[in-house]
Amino acid sequence: MKAKLTLHGEFSIGEVDKRIYGSFIEHLGRAVYNGIYEPNHGDADDLGFRKDVIKLVRDLDVPVVRYPGGNFVSGYNWEDGVGPVDKRPVRMDLAWMTRESNRIGVNEFAEWAKRVNSEVMMAVNLGTAGPDEARNLVEYCNFPGGTAWSDLRRGHGVEKPHNFKLWCLGNEMDGPWQICHRTAVEYGRIAAEAAKVMKWTDPSIEVVGCGSSNARMPTFGEWEAGVLEQAYEQLDYMSLHIYFANNENDTPNFLGRSLEMDTFIKTVAGICDYVKAKNHSKKQINLSFDEWNVWFHSHDQDAKIEKWTEAPARLEDIYTMEDALTVGCMLITLIKNADRVKVACLAQLVNVIAPIMTEAGGPAWRQTIFYPFMQASRYGRGTVLRCPVSCEKYDSQEYNDIPYLETVAVHNDEKKELTIFAVNRNLTESLDLEAEIYGFEKYRLVEHTAMHNADIKAVNSAKEEKVKPEVQGKGTLDPESGRLVVRLPPASWNVIRLG
Ligand code: AHR
């Protein structure tokens, strides 16, 4: 099978905001306790954080981490998680029906974020709490001192403010499963008022309003418009969440799911622009895709979890080769929409639907999805080029016209690198990609790596990494004509770097 691609240095989509390589840590399952934090582990640091996990997170290069939820945040009193650890209350977490010890709270998490070179994207509770608790939290975190909440922080040993810049106004408030689920008008009003007082407390912050929990919600569309009608001028971003499954074991269909993600992004951007027009507003609302991933492997197991235990193993999907391809297609989709998607969070980061897994007292290891994310985060920063492609397409159970080649190219002018990310969705045939590249005369082919495995269900484990990128040796780039020829193995994730 063959495919053609044309790239021109002058024709671009937009700049990648590095925050699209964000991730997420929720107080859920073993993400925090026995994930990032395991004080009795042999490799724990002075605060009890696992150094092996810190190293893997740094390898992923995650500029921003959303915290502390997720569903968890809608019942969370942030005050429970600050001050002397031995005085912190143990609470019933109604989101996940577990016991929350509050040994980790905002100050410890901020310190962990520093150690992994990330910023914190902080979420406030707009379920059981409201604008008052939210503005108090902004004051506690971001105000230098001399007021009750900022001095409380200083009293807790954190002299300098955290200066968190990005704040989520609740989580998935359209979902009936959410603690204190709301209608669009109810949520829009409370989000507008919370944003107002939070920004009065610290005018430098940006806020994300909750969009629909997913595009298949019955109120999708109506919810976004309803919320924006109440809060357009107060919001900076609208959130999107999506999780894909392959319950039917239909791989061609599963690999096409990123088309749905693309439509979702374009639809929400359209709704934001519709309200902008209606309001005669000059401001543009951009998108925060703050939860995305594959999630389905753990559902049956999770149904058996005993209630009110602490940090049970939950949402511990073990990812296959084909999951890594879907994640790769999702990453390409986010990059292709860089003109509107400014923040995105792979949900989640450690143990919970995560690229990094840990064993209590044992090693930390990389899932299959670790690699596409790491390579996109490392090489996918710069200007996104337009990628006109000509290739064969196929139809699946749910989608039509799925191109066998999913691809995008990013030019990093500072580093003088041009990187092409490409997924070959063809399960049986390799794909000969021929690219005409204009405007990069002095560039050479630096490396082509491909991740593939004859067994599409192959997984990694603590003992063995069956799925990881391998260098391919046969591609060519003719510097005279700018003609690149590379072969993409069947069912593969590829990174082709020119420089
Ligand atoms: O990421 C897991 C859960 O998925 C989050 O808590 C929630 O926001 C979403 O439904």
Side-chain angles (χ1 to χ4, degrees), residues 22-33 35-36 62 64-76 93-98 100 109 121-128 166-182 187 191 208-220 223-224 227 237-245 261 264 268 287-303 305 311-319 323 326-327 330 343-357 367 369 373:
S23 190
F24 178 26
I25 289 279
E26 177 167 0
H27 282 248
L28 155 58
R30 300 191 307 126
V32 174
Y33 309 110
I36 64 170
V62 185
V64 65
V65 185
R66 185 167 175 250
Y67 174 84
N71 295 340
F72 172 78
V73 81
S74 298
Y76 180 53
D93 162 29
L94 302 185
W96 300 104
M97 307 285 173
T98 48
E100 170 56 53
F109 190 75
M121 177 185 193
M122 192 71 199
V124 300
N125 173 355
L126 291 187
T128 57
L166 197 52
W167 294 74
C168 300
L169 302 170
N171 176 71
E172 294 188 351
M173 299 306 299
D174 63 321
W177 59 86
Q178 202 66 215
I179 303 171
C180 297
H181 153 230
R182 296 180 196 279
Y187 171 70
V208 183
C210 292
S212 296
S213 301
N214 60 71
R216 296 186 183 189
M217 294 295 288
T219 50
F220 172 55
W223 170 271
E224 278 74 5
V227 169
Y237 306 95
M238 177 110 280
S239 78
L240 297 86
H241 292 179
I242 220 169
Y243 293 102
F244 287 140
M261 184 186 202
F264 186 20
V268 176
L287 309 181
S288 170
F289 217 124
D290 43 44
E291 288 187 33
W292 68 270
N293 203 347
V294 169
W295 171 17
F296 70 107
H297 297 283
S298 56
H299 287 332
D300 292 344
Q301 183 59 33
D302 287 355
I305 294 173
R314 190 192 288 273
L315 272 68
E316 298 209 359
D317 279 38
I318 300 301
Y319 290 114
D323 295 329
T326 294
V327 162
M330 294 173 91
V343 181
C345 302
L346 173 68
Q348 299 193 9
L349 187 53
V350 180
N351 287 336
V352 171
I353 42 174
I356 299 169
M357 300 300 289
Q367 295 238 44
I369 64 167
F373 187 90

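One-based numbering, in listed order, for ligands and for the atoms of each. Model, not experiment: these values are computed from the prediction. Numbering of residues begins at 1 and proceeds along the displayed sequence.
- Closest heavy-atom contact between Trp292 and Leu346: NE1-N, 3.4 Å.
- The heavy-atom pair separating Phe72 from Glu26 by the smallest distance is N-OE2, 2.9 Å.
- Only the side chain of Trp295 comes within contact range of ligand 1, with a heavy atom under 4.0 Å; no backbone atom does.
- Ranking the protein heavy atoms by distance from atom 8 (O) of ligand 1 puts Glu291 OE2, 2.7 Å first.
- Close approach of ligand 1 to Glu172 (heavy-atom distance below 4.0 Å) involves ligand atoms 7 (C), 8 (O), 9 (C), 10 (O).
- The nearest pair of heavy atoms linking Ser212 to Glu224 is N-OE2, 2.8 Å.
- Between Ser239 and Gly211, the closest heavy-atom pair is OG-N, 3.0 Å.
- Heavy-atom contacts of Glu26 reach the following atoms of ligand 1: 5 (C), 6 (O) (cutoff under 4.0 Å).
- The parts of Asn71 lying near ligand 1 are both backbone and side chain, judged by heavy-atom distances below 4.0 Å.
- Only the side chain of Trp96 comes within 4.0 Å of ligand 1, judged by heavy-atom distances.
- In summary, the atoms of ligand 1 found under 4.0 Å from a heavy atom of Tyr243, numbered by their order in the structure, are 1 (O), 2 (C), 4 (O).
- Annotation: Trp177 places no N or O atom under 3.5 Å from an N or O atom of ligand 1; distance criterion only.
- Residue contact check: Asn171 has heavy atoms under 4.0 Å from atoms 7 (C), 8 (O) of ligand 1.
- Atoms of ligand 1 found under 4.0 Å from any heavy atom of Gly70 (numbered from 1 in listed order, with element): 5 (C), 6 (O), 8 (O).
- The shortest non-hydrogen separation linking His181 to Gly175 is CB-O, 3.2 Å.
- Listed here is the closest heavy atom pair of Val343 and Met121: CG1-CE, 3.9 Å.
- Asp302 contributes no side-chain N or O that, together with a main-chain N or O of Ile305, makes up a donor-acceptor pair within less than 3.5 Å.
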